[in-house]
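A short write-up of the structure that comes next.
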Amino acid sequence: MNFWRPGGRRGFGAVRPGAPFLFKLHYPAHAIVGGGWFVRFEFLPVSLAWAAFGRKNGVSDRAMFLQRIRRYRRELSGPDPVIGCLVLTEPFFFGPDAWIAAPADWPRNAVQGKTYDVGAGEGARIWEQVRERLVAGVGAVPSATGTDRVDAPEGAVLQAARRSEPPELALTIDREERWNRVRSRLGQGGFRVAVTGAYKRRCAVTGERTLPALEAAHIRPYAQDGPNDVRNGLLLRSDVHRLFDGGYLTFDPERRLVVSERTRAEFENGREYYRFDGEPLANLPRGDDAPDARFLAWHRGHVFERSG
């Protein structure tokens with residue numbers, strides 16, 4: 001889901017990826033009503049935020065999305081303003097009878113949030129109550145058909161439906177283990193945003209920066225047990241994406257592009273792609289977001305066809 005912030009001026013660095021992110025209602029409710037697991041923060045145009053999350057932005061259509069944003073930031077103009085997007089996974093909500101009292105030291109005028117240590121004081125109390133509710137199956141999850149609505153800070157309105165099992169992520173607070181689980185359980189929308197951010201909005205092969213022409217590609221398809229994990233992703237120009245999925249392109253163990261002979265044989269052309277043949281990735285994320293060699297090897301062995 002996308003817990004959005006109207007406007008695109010301030011970043012977000014309050015918590016690290018994989019940390020719990022809880023929702024507190026404003027006064028007079030002044031209670032914690034649910035949460036999720038923080039994945040990453042990105043500045044995105046409304047068009048991409050809507051394409052990635054749809055109703056998981058908390059509204060029924062894009063026009064209402066724009067209307068809600070401008071209710072908080074009237075100065076935003078144009079058909080596609082930029083907003084701040086906090087990507088969360090496995091969100092959960094509690095019914096009114098299970099709401100948790102807000103921290104005793106919460107400033108009455110605070111509207112942007114507050115960070116707590118889950119191992120001490122009010123943070124520990126709240127975290128333990130959250131865990132108890134999730135283990136007991138009290139939590140609820142967003143639903144496209146649910147009728148109950150929960151108003152969260154910053155204007156996010158989410159629909160909820162009862163769930164029967166608690167999220168596994170709630171059963172541990174080990175940071176490394178939780179982050180490994182979070183990053184492998186992104187939904188399609190979260191995957192798209194994470195890959196777009198990791199590649200800094202540039203095609204991995206061509207370096208193209210025109211955002212509407214770029215797509216988040218799975219290296220190993222989701223339908224074939226490929227996870228929604230940024231390490232299983234590449235940001236590709238739409239035509240390159242189609243050729244990659246069709247087995248006309250792949251990458252060797254050194255992450256250099258390999259163009260199949262099929263491209264020339266079947267289409268009597270392909271100069272646009274052969275000029276990249278043998279070239280390393282033009283744009284590669286650093287660190288843990290880089291494409292995993294195991295997924296690239298799977299693509300070479302199961303999708304790519306060198307000749308027709």
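Keep in mind the model is a prediction, meaning the values are calculated, not measured.
When all heavy atoms are compared, the tightest approach of Arg300 to Asp252 is NH1-C, 3.5 Å. Minimum interatomic distance between Pro91 and Met1 (heavy atoms only, all atoms of both residues): CB-SD, 3.3 Å. Residue Asn228 comes nearest to Gln188 through the heavy atom pair OD1-OE1, 3.6 Å, listed as atom of the first residue, atom of the second, then distance. The minimum heavy-atom distance between Pro291 and Gly233, with the atom names listed, is CB-O, 4.3 Å. Between Ala198 and Val230, the closest heavy-atom pair is CB-CG2, 3.7 Å. Nearest heavy-atom pair, Ala124 versus Gly119, reported as atom, atom and distance to 0.1 Å: CB-C, 3.8 Å.
When ring centroids are compared, Phe23 and Phe93 come within the 6.0 Å threshold. Checked against the 6.0 Å centroid criterion, the rings of Phe38 and Phe12 qualify as a close aromatic pair.
For Ser47, the side chain to side chain donor-acceptor pair (under 3.5 Å) partners two or more places apart in sequence, or in a different chain, are Asp80. Considering only residues two or more places apart in sequence or on other chains, Arg264 meets the salt bridge (charged side-chain N to carboxylate O under 4.0 Å, His left out) condition with none of them. Not a single side chain to side chain donor-acceptor pair (under 3.5 Å) links Arg70 to another residue, sequence neighbours left out. For the side-chain contact (heavy atoms from CB on, under 4.5 Å) test, residues two or more places apart in sequence or in another chain that qualify with Arg294 are Asp292. Applying the side-chain contact (heavy atoms from CB on, under 4.5 Å) test to Ala29 and every residue at least two apart in sequence or in another chain returns Leu25, Trp99. By the side-chain contact (heavy atoms from CB on, under 4.5 Å) test, Leu22 pairs with Ile32, Phe92, Ile126, Val130, sequence neighbours left out. Every residue two or more places apart in sequence or in another chain that forms a side chain to side chain donor-acceptor pair (under 3.5 Å) with Glu254 is listed here: Arg256. Partners of Asp277 according to the salt bridge (charged side-chain N to carboxylate O under 4.0 Å, His left out) rule, which considers only residues two or more places apart in sequence or in another chain, do not exist here. Among residues two or more places apart in sequence or in another chain, the side-chain contact (heavy atoms from CB on, under 4.5 Å) test is passed with Ile69 by Trp4, Pro6, Val46, Phe65, Leu76, Ile83. Residues that satisfy the salt bridge (charged side-chain N to carboxylate O under 4.0 Å, His left out) test with Arg125, not counting sequence neighbours, are Glu122.
No donor-acceptor pair closer than 3.5 Å links the side chain of Arg242 to the backbone N or O of Gly246. In terms of modelled atom types and a separation under 3.5 Å, the side chain of Asn2 and the main chain of Phe53 share no donor-acceptor contact. Using a distance-only test at 3.5 Å, with no hydrogens or angles considered, no donor-acceptor pair links the side chain of Asn57 to the main chain of Val59.
The closest side-chain heavy-atom distance from Leu66 to Trp50 is not below 4.5 Å. The shortest side-chain heavy-atom distance between Arg255 and Leu296 falls under the 4.5 Å cut-off. Taking 4.5 Å as the limit, every side-chain heavy atom of Asp245 sits out of range of all side-chain heavy atoms of Val303. By the 4.5 Å heavy-atom criterion applied to side chains, Cys85 and Phe41 are not counted as neighbours. Residues Ser260 and Thr250 form no side-chain contact, since every pair of their non-hydrogen atoms from C-beta on lies 4.5 Å or further apart.
Rounding to the nearest 0.5 Å places OG1 of Thr263 at 9.0 Å from OH of Tyr273. The CZ atom of Phe251 lies 4.5 Å from the CG atom of Leu281; values are rounded to the nearest 0.5 Å. Distance check: Arg62 CZ to Gln67 CD gives 14.5 Å after rounding to the nearest 0.5 Å. Atom CH2 in Trp127 sits 12.0 Å away from atom CG in Asp117 (nearest 0.5 Å). Separation of atoms CD (Glu215) and OG (Ser238) is listed at 5.0 Å; rounding is to 0.5 Å. A distance of 9.5 Å separates OG1 of Thr210 from CZ of Arg237, quoted to the nearest 0.5 Å.
Among residue pairs with one or both ends in residues 191-224, those qualifying as ring pair (Phe, Tyr, Trp, His ring centres under 6.0 Å) are Phe191-His218; sequence neighbours excluded. For residues 276-302, every residue pair satisfying the ring pair (Phe, Tyr, Trp, His ring centres under 6.0 Å) rule, not counting sequence neighbours, is listed here: Phe244-His299, Trp298-His302.
Ile219 and Phe304 end up in different hydrophobic clusters when Ile, Leu, Val, Met, Phe, Trp and Tyr side chains are linked at under 4.5 Å. Tyr72 is not connected to Tyr27 by any chain of hydrophobic side-chain contacts under 4.5 Å among Ile, Leu, Val, Met, Phe, Trp and Tyr, and they are in different clusters. Two different hydrophobic clusters hold Val258 and Tyr274 under the rule that ILVMFWY side chains link at heavy-atom gaps under 4.5 Å.
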Item to complete: Take Glu42 and Leu48, measure what side-chain contact (heavy atoms from CB on, under 4.5 Å) needs, and give me the verdict at the end.
Response: CA-CA 11 Å; Glu42 294 288 344; Leu48 181 53; over 6 Å; no
Worksheet item: Can Thr196 and Leu211 be said to form a side-chain contact (heavy atoms from CB on, under 4.5 Å), step by step?
Response: CA-CA 9 Å; Thr196 299; Leu211 193 57; 3.9 Å; yes
Item to complete: With side-chain contact (heavy atoms from CB on, under 4.5 Å) as the test, would you mind laying out the steps for Thr89 and Phe21 before giving the verdict?
Response: CA-CA 10 Å; Thr89 190; Phe21 185 104; over 6 Å; no
Worksheet entry | Test log, rule side-chain contact (heavy atoms from CB on, under 4.5 Å), inputs Glu208 and Val240 | CA-CA 11 Å; Glu208 177 63 55; Val240 178; over 6 Å; no
